[in-house]
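Since the structure comes first, as structure tokens, the remarks are kept for the end.
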2 protein chains.
Amino acid sequence: MLDERKKRVLQAIVEEYIKTAEPVSSNAIMNLEGLECSSATIRNEMAELEKMGYIEKTHISSGRVPSEKGYRFYVDELLEDDKITVDEIEYISDKLETKVNELEDLTQIASSTISEITHYTTVSIGPNTDVQLIENIKFVLLSPRMMMAVILTDNGLVKETIIKFDEDITENQVNTLNYMFNNKLKGEPITKIDKPLEKYLVDEMKYSVNLIKPIIVQMKKVVEEEKVHLEGTKQLFELPEFNSLEVAKNFVNILDEKELMADMLNNGYAKDINIYIGEENEKEELKDFSVVTFKHRIGNKDLGTIGIIGPKRMDYSKVISVMKYISKKLNDNLGDNSDDSKEEK
Amino acid sequence: MLDERKKRVLQAIVEEYIKTAEPVSSNAIMNLEGLECSSATIRNEMAELEKMGYIEKTHISSGRVPSEKGYRFYVDELLEDDKITVDEIEYISDKLETKVNELEDLTQIASSTISEITHYTTVSIGPNTDVQLIENIKFVLLSPRMMMAVILTDNGLVKETIIKFDEDITENQVNTLNYMFNNKLKGEPITKIDKPLEKYLVDEMKYSVNLIKPIIVQMKKVVEEEKVHLEGTKQLFELPEFNSLEVAKNFVNILDEKELMADMLNNGYAKDINIYIGEENEKEELKDFSVVTFKHRIGNKDLGTIGIIGPKRMDYSKVISVMKYISKKLNDNLGDNSDDSKEEK
DNA sequence: TTTAGCACTCTTTTTTGTCGTCTGCTAATT
DNA sequence: AATTAGCAGACGACAAAAAAGAGTGCTAAA
């Protein structure tokens with residue numbers, strides 16, 4: 001479709017624009033490797049690329065800026081990996097050594113590391129609820145009317161919550177609950193903790209509704225809860241595109257809508273890495289941004305999703321290199337030294 | 001010091017400026033209640049108020065803006081309470097009805113309610129660590145190498161954490177730990193969980209350091225951890241002062257520094273409500289803002305602190321009314337229906 | 001003591017002009 | 001047929017100048 005030189009011109013424009021945030025002129029990219037020709041020739045190529053929709057002008061006599069179609073082509077066909085430096089590799093390795101007790105923290109560390117290296121904002125979220133299986137449930141009486149419920153999932157996450165009752169409970173009751181819940185739920189997806197279960201326990205098993213209802217309500221809540229974690233919000237404000245108050249406000253609005261973030265990360269299942277450029281984002285509010293999402297897993301255990309939010313001219317190459325490296329590193333590390341991960345044969 | 005009319009003029013200027021964010025001219029406040037005189041008279045008063053330092057001009061022929069001294073006088077002497085509407089009262093009552101299982105959530109609900117009503121940004125934090133006493137500690141074995149520690153404090157908060165070990169642990173060991181920690185720490189401030197305790201347990205009581213160290217490390221971490229919670233960040237961006245990119249950036253930077261926020265809230269002990277206007281803030285970064293902090297408690301139990309961050313021309317009256325009402329409401333509500341609060345005679 | 005009136009100051013907005021950049025096109029060159 | 005040099009034209013960015021508007025301080029009168 002595009003001949004070699006056009007590809008080269010497009011690539012040069014995208015990369016130059018990523019670097020400078022200024023419309024790229026024919027002069028600016030002339031004499032780059034593979035473009036040893038006059039500016040006039042490049043202008044001709046640019047005119048055609050524009051006609052095809054890969055680049056556009058900001059005004060009639062301006063330089064060119066990549067269109068979303070242009071970015072998309074760049075990402076799909078022209079992207080070169082391995083833009084990660086030795087220093088960065090060292091920094092990442094260092095960060096990932098941090099000993100964590102809860103796997104959830106690992107996603108946050110990955111998220112903050114990405115943000116620090118790329119200088120974009122990252123947002124992270126735990127694994128999707130419907131892929132998590134219950135490995136064990138534990139009820140512990142804290143005081144006569146207060147109980148704690150702990151749920152261990154097969155991917156090593158721990159969810160705990162406190163449940164209060166209007167009447168005293170006995171150790172005996174707690175033991176029965178322990179047995180009953182484990183018996184019923186072990187190996188089931190955590191989403192099974194829901195109304196029907198409450199109904200079953202009350203109607204069929206004849207438990208007191210006063211006992212069961214708060215348990216189900218509270219456990220359901222903690223199971224469904226999406227903890228969205230943000231990192232590096234201020235960094236984007238250093239970018240030249242944030243000199244427009246409009247864009248800045250828009251961005252702050254996005255960050256304030258945690259559910260919107262959660263939604264964004266939960267969609268787009270197909271691949272581990274997904275790239276949404278501008279209008280490709282489902283959310284109207286994100287149409288001036290690009291988002292790269294990264295499904296973060298160890299072995300076959302989903303550990304959550306990380307999203308990188310940046311301008312449309314984000315350094316896709318860098319972002320993807322970093323993500324791939326982190327993914328690799330995590331799997332290398334946790335292959336050996338994770339105690340609680342189940343041995344797979 | 002200030003005669004009645006001067007007070008009235010100052011009050012009018014402050015309130016008008018709070019409303020419009022524009023320098024206030026002599027014309028604008030003439031004919032307000034208590035100011036039934038000509039603009040020339042008001043100009044004379046303004047000239048004197050300016051000489052005394054209560055108001056200032058943005059340039060030689062502009063209207064007047066309150067100085068920080070002016071705001072301070074307004075807050076100390078001129079503030080009228082009860083600027084809260086019936087609708088707002090209803091909204092607050094409604095929000096505070098939400099049933100919470102963890103007292104921590106209550107501070108967040110209060111915080112978000114304040115933000116929604118005042119349209120300023122709020123930031124909240126749990127109670128200061130050194131006022132919290134340990135009521136009970138519970139260790140629960142989750143798997144051979146994973147234990148959960150739960151700390152109940154006298155003000156009804158629950159802190160829990162997971163501890164991992166490099167070797168298997170027995171139920172017996174957990175029971176001993178339970179007995180030992182409770183015996184040693186019940187009634188003590190949570191800050192007692194620290195190095196010296198580790199030393200004592202290992203050296204004197206001859207516990208294995210492999211067992212004790214991770215416990216102390218992890219519990220200390222969760223005890224010291226300050227969970228800063230932000231609410232309504234985007235709202236401030238609607239204010240006219242945020243049309244300056246400088247201010248906007250400044251603000252985003254502040255929000256990104258969670259420890260700064262925590263510091264801010266932990267200082268200023270004296271009163272339950274503290275007001276810091278502009279330069280009165282200890283933090284350089286906050287010198288263009290006003291902060292109102294609100295120590296939130298039920299009975300004599302400290303439940304955390306909420307800070308309201310807004311422009312210097314924030315609607316102090318509204319903010320304070322809302323806070324007072326919330327405080328009252330919480331105490332009314334939780335006087336009766338809180339099950340776990342200890343009965344005081 | 002208050003007020004009407006006016007000159008003066010300063011900001012804001014609009015207008016005008018200049019400069020520089022980059023394109024598209026044409027005609028010449030390879 | 002592809003490339004290139006050269007140039008006219010378009011337009012943004014910036015600065016200076018001009019006009020409009022808002023508010024003050026002061027003076028003199030009520």
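Residue numbers begin at 1 in each chain, while the letters A, B, ... track the order of the sequences.
Taking 4.0 angstrom as the limit, A:Arg64 places a side-chain polar atom (N or O) nearer than this to OP1 or OP2 of C:dG24. Dashed line: the shortest gap from a side-chain N or O of A:Thr41 to OP1 or OP2 of D:dT4 is under 4.0 Å. Look at B:Arg43 and you won't find any side-chain N or O under 4.0 angstrom from OP1 or OP2 of D:dT27.
Stem list for DNA chain D (at least 3 consecutive Watson-Crick or G-U pairs, distances under 3.5 Å): C:1-30 with D:1-30.
Atom NZ of B:Lys19 has 12 or fewer heavy atoms from other residues, nucleotides or ligands within 6.0 Å.
Salt bridge status for A:Glu33 with A:Arg8: absent, with no side-chain N to carboxylate O gap under 4.0 Å. Between A:Lys287 and A:Glu280 there is no salt bridge, since no side-chain N of the basic residue sits under 4.0 Å from a carboxylate O of the acidic one. Here A:Glu241 does not pair with A:Lys312 in a salt bridge; the nearest charged N to carboxylate O distance is not below 4.0 Å. Here B:Glu56 does not pair with B:Arg64 in a salt bridge; the nearest charged N to carboxylate O distance is not below 4.0 Å.
Atom CD1 in B:Ile13 sits about 13 Å away from atom C1' in D:dT24, given to the nearest Å. Rounded to whole Å, atom C1' of C:dC25 lies 16 Å from atom CE of A:Met46. For B:Asn31 and C:dT3, the CG to P distance is 10 Å, given to the nearest whole Å. One can place CD of A:Glu45 at 15 Å from C1' of C:dG24, the figure rounded to the nearest angstrom. Atom-to-atom, CG of A:Asn27 to C1' of D:dG6 comes out at 13 Å; the value is rounded to the nearest Å. Residue A:Ile42 contributes atom CD1, which lies 15 Å from atom C1' of D:dA5 at whole-angstrom precision.
Proximity of residues 47-62 of chain B to DNA chain C (heavy atom under 4.0 angstrom from any strand atom) is restricted to B:His59, B:Ile60, B:Ser61.
Along DNA chain D, the nucleotide nearest B:Ala40 and the nucleotide nearest B:Gly63 are compared for position; the residue whose nucleotide lies closer to the 5' end is B:Gly63. Judged by closest nucleotide on DNA chain C, B:Glu36 is the one of A:Ser25 and B:Glu36 placed further toward the 5' end.
Counting only N and O atoms by type, the side chains of A:Ser115 and A:Ser112 include no donor and acceptor under 3.5 Å apart.
Residue A:Asn44 is in base contact, counting any heavy-atom pair closer than 4.0 Å across all strands shown. Note on B:Ser26: only backbone sugar-phosphate atoms sit closer than 4.0 angstrom, heavy atoms only; bases stay farther off.
Nearest heavy-atom pair across A:Met30 and A:Asn27 is CE-OD1, 3.1 Å.
The residue from A:Val9, A:Leu10, A:Val14 that alone fulfils the side-chain contact (heavy atoms from CB on, under 4.5 Å) condition with A:Ile55 is A:Leu10. Checking each of B:Glu45, B:Lys7, B:Glu77 against B:Leu2 for a side-chain contact (heavy atoms from CB on, under 4.5 Å) leaves exactly one that passes, namely B:Lys7.
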